[in-house]
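A quick note: this is a predicted structure, and the numbers were derived from the prediction, not measured. Throughout, a chain's letter reflects where its sequence line sits, starting with A, and its residues are numbered from 1.
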There are 2 protein chains.
Amino acid sequence: MANIQDIARLAGVSTATVSRVLNSKKNVNDTTRKRVLEIMKQLDYVPNANAISLKKGETHLIGIITIAFSPIIVNFVRAFTMIAEKNGFTISLFITNGQPERELIALEMLKRKQLDALVCLIRSNEWNVIESYTHYGPIVTWQRLHSEKLPSVFMDQFQAYWNGLEHLYNKGYRKILSIYPMSVGLNTKERFRAHTKFFKQYGLAETNFPHFEDKISVHEGEEIAEWWMQQQDRPDAIFCANDEVASGITTVLRRSGVSVPGDLGVMGFDNSILAHLLDLTTIHYPIDQQAENAFIILQNQLIKSNCNLHSLEYQLIERSST
Amino acid sequence: MANIQDIARLAGVSTATVSRVLNSKKNVNDTTRKRVLEIMKQLDYVPNANAISLKKGETHLIGIITIAFSPIIVNFVRAFTMIAEKNGFTISLFITNGQPERELIALEMLKRKQLDALVCLIRSNEWNVIESYTHYGPIVTWQRLHSEKLPSVFMDQFQAYWNGLEHLYNKGYRKILSIYPMSVGLNTKERFRAHTKFFKQYGLAETNFPHFEDKISVHEGEEIAEWWMQQQDRPDAIFCANDEVASGITTVLRRSGVSVPGDLGVMGFDNSILAHLLDLTTIHYPIDQQAENAFIILQNQLIKSNCNLHSLEYQLIERSST
DNA sequence: TTGTATGCGTTATCAA
DNA sequence: TTGATAACGCATACAA
């Protein structure tokens, strides 16, 4: 495989000149440039990316860390990949499955300069661990966090959740059950806070239902539907952790002849393709723009630019499940 | 940022020794090793991955090319990422959106040695273009292809499609409409061949329905449902390109009071989460094992090993849509 | 067990 | 407009 020296030798110039041609600098004679390019073509010359990375200290590679692949995550990854590619970056994917050591692989790659930056969608290590790696390169998160070092494209879910509850209330539901996502997440905390405050403010009776947490899959939704059918004292509405759970609940119940929204109101979160398919009321948020913001933040740090971020807003999508 | 020379100087040894410690070679004195490690810790030494890649000519990075993110692709990516990580590789994702130039980014990275290998799930360039890059590193494909240079984990869909048609036939359906995926793909060719041969062999009357091709999304399924409802002379069963299309059709029809499978039999393909949710009859194939095979093939070429592949089999999953 | 020296393929500084 | 040469950070063949 030919390198820059081979080219230089055959073209009768120095490696410096070849390098100039390679990087399309203007200070090189036109005929020289042509000769060099000619030789390059003859030898099927290919620049070695690793040598360039070593020299320049950048790889144009950004890592994305996630715990798993839900539809909403897929959307984020898609949007982020698009804008990253448009700006000359490629992305590398790390699915941690919740194992801290897998996340450390990504963090270490940042440290070792194999990655220019990192997006942490759903973390597996403690925040302070992740934060300590910002020393080696910019990291942006999707989860909520107040940190100088770790910027976030998080959207506070309190108000959105409150609006969802209000919607259910206005539809006449009074025995509302909330299903929460990951217990470690701050989203869960905010939703719980909204739920509690809402119940107090609207004078709703406290329910005796179990506390559902860490429920995020279709399958878990299906189990909750089974649970619901076995109860005497049932919720009349369920505000789900996400659309997957809502989908699981809705399909099992409808299949059993239970009317959604008649017997039970079901509300999702995320506005994924599942909510569209099953016609579920849900909460939409601009994931594409969050992804773009994530990239812009990293880009700003990487090249010390200062582009503006998109502003973000929730939106309640009313469909037939409530 | 400290490098190997700083360590060497402070530890009073040569860079060679430091390198030996770094790579845990045994031929180094225990006390020397300890001293070196101590210094490393003091300076928070981090090996530079790019230097290593340059020196060794490998990055332990494998690219995955896809045109988009369907559930089945997500499954492949997930499975592949898992086994790759287990073997010390990380993966980099390229979503081409069907644009050949985006695919070329990945191929060029292979050429430039930033990628050790490539998995091409759904191509955007002509096969001969992709094939020409096998010169620079191993590439494995998911789509069907007979090539010495481009191994494939493809499963011939003729028999599977035939079985699906037989299932519909046995259920009493006679006016079967086939919806095909990408027109450029060989899967479409094989399915079409199965469909044609099946109709002839079972003496089924040729239908006058339009030819549906390139239909792969939920939304396109929804449109087909609208089309179906407007027809006088209708198919009594639809064999869909994938579960997304089947989902779109089924939900729109059921919402309009059409009975699936009573008025129309619907059959999916892929056995994705959507088929599970909507209880669709579909064709299952072992995507996880295909992913593992893809990795094993690459690994075999990369380190000249010779691991055996999983054997692969289709399976018809009967559910309530037929 | 350790050290010396060289190469991996570029970029960039400086001088010419 | 060009060239010589020193980095970039590490691995390794060879000598000691």
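The environment of CD in B:Q42 is crowded: more than 12 heavy-atom neighbours from other residues, nucleotides or ligands sit within 6.0 Å. Within 6.0 Å of atom CD in B:Q99, more than 12 heavy atoms from other residues, nucleotides or ligands are found, so the atom counts as buried in its surroundings. Enclosure of atom CD in B:E101 by more than 12 non-hydrogen atoms of other residues, nucleotides or ligands within 6.0 angstrom is indicated.
The distance from atom CG of A:N50 to atom P of D:dA11 is 14 Å, rounded to the nearest whole Å. Computed from coordinates, the B:R20 CZ to D:dA13 P distance equals 11 Å when rounded to whole Å. When the P atom of D:dC10 is taken as reference, atom NZ of A:K113 falls 11 Å away, rounded to whole Å. For the pair A:L54 CG and D:dA11 P, the interatomic distance rounds to 12 Å; values are reported in whole Å. Counting to the nearest Å, the C1' atom of D:dA13 and the NZ atom of B:K25 are 12 Å from each other. The interatomic distance linking A:I4 (CD1) with D:dC8 (P) rounds to 18 Å, in whole Å. Straight-line distance from the CD1 atom of B:I52 to the C1' atom of D:dC8: 13 Å, rounded to whole Å. In this structure, CD of B:Q5 is placed 9 Å from P of D:dC10, rounded to the nearest angstrom.
Scored by the side-chain hydrogen bond (donor to acceptor under 3.5 Å, both in side chains) test, B:N97 finds no partners at all (sequence neighbours excluded). In this structure, the side chain to side chain contact (heavy atoms under 4.5 Å, CB included) partners of A:S183, at least two apart in sequence or on a different chain, are A:E213, A:D214.
Chain B approaches DNA chain C within less than 4.0 angstrom (heavy atoms of the protein), and the contacting nucleotides run 5' to 3' from C:dT1 to C:dG9.
A residue-by-residue look at B:K55 and B:R35 shows that B:R35 has its nearest nucleotide of DNA chain C further toward the 5' end. Looking at which nucleotide of DNA chain D each of A:V28 and A:T15 is closest to, the 5′-most match is held by A:V28.
Backbone-only engagement by A:N3 is indicated by non-hydrogen atom pairs under 4.0 Å involving sugar-phosphate atoms exclusively. When heavy atoms are screened at a 4.0 angstrom cut-off, A:V46 is found touching the sugar-phosphate backbone but no base atom. Across all strands shown, B:V36 has no heavy atoms under 4.0 Å from either base or sugar-phosphate atoms. Contact annotation for B:V18: no contact, since no heavy-atom pair falls under 4.0 Å across all strands.
Distances shown here put a side-chain N or O of A:T17 below 4.0 Å from the OP1 or OP2 atom of D:dG3.
Between B:E85 and A:R102 a salt bridge is recorded (basic side-chain N to carboxylate O distance below 4.0 Å).
Donor-acceptor pairing under 3.5 Å is lacking for the side chains of B:S53 and B:E58.
For A:N29, counting side-chain heavy atoms from C-beta on, the closest listed nucleotide (D:dA7, D:dC10, D:dT2) is D:dT2.
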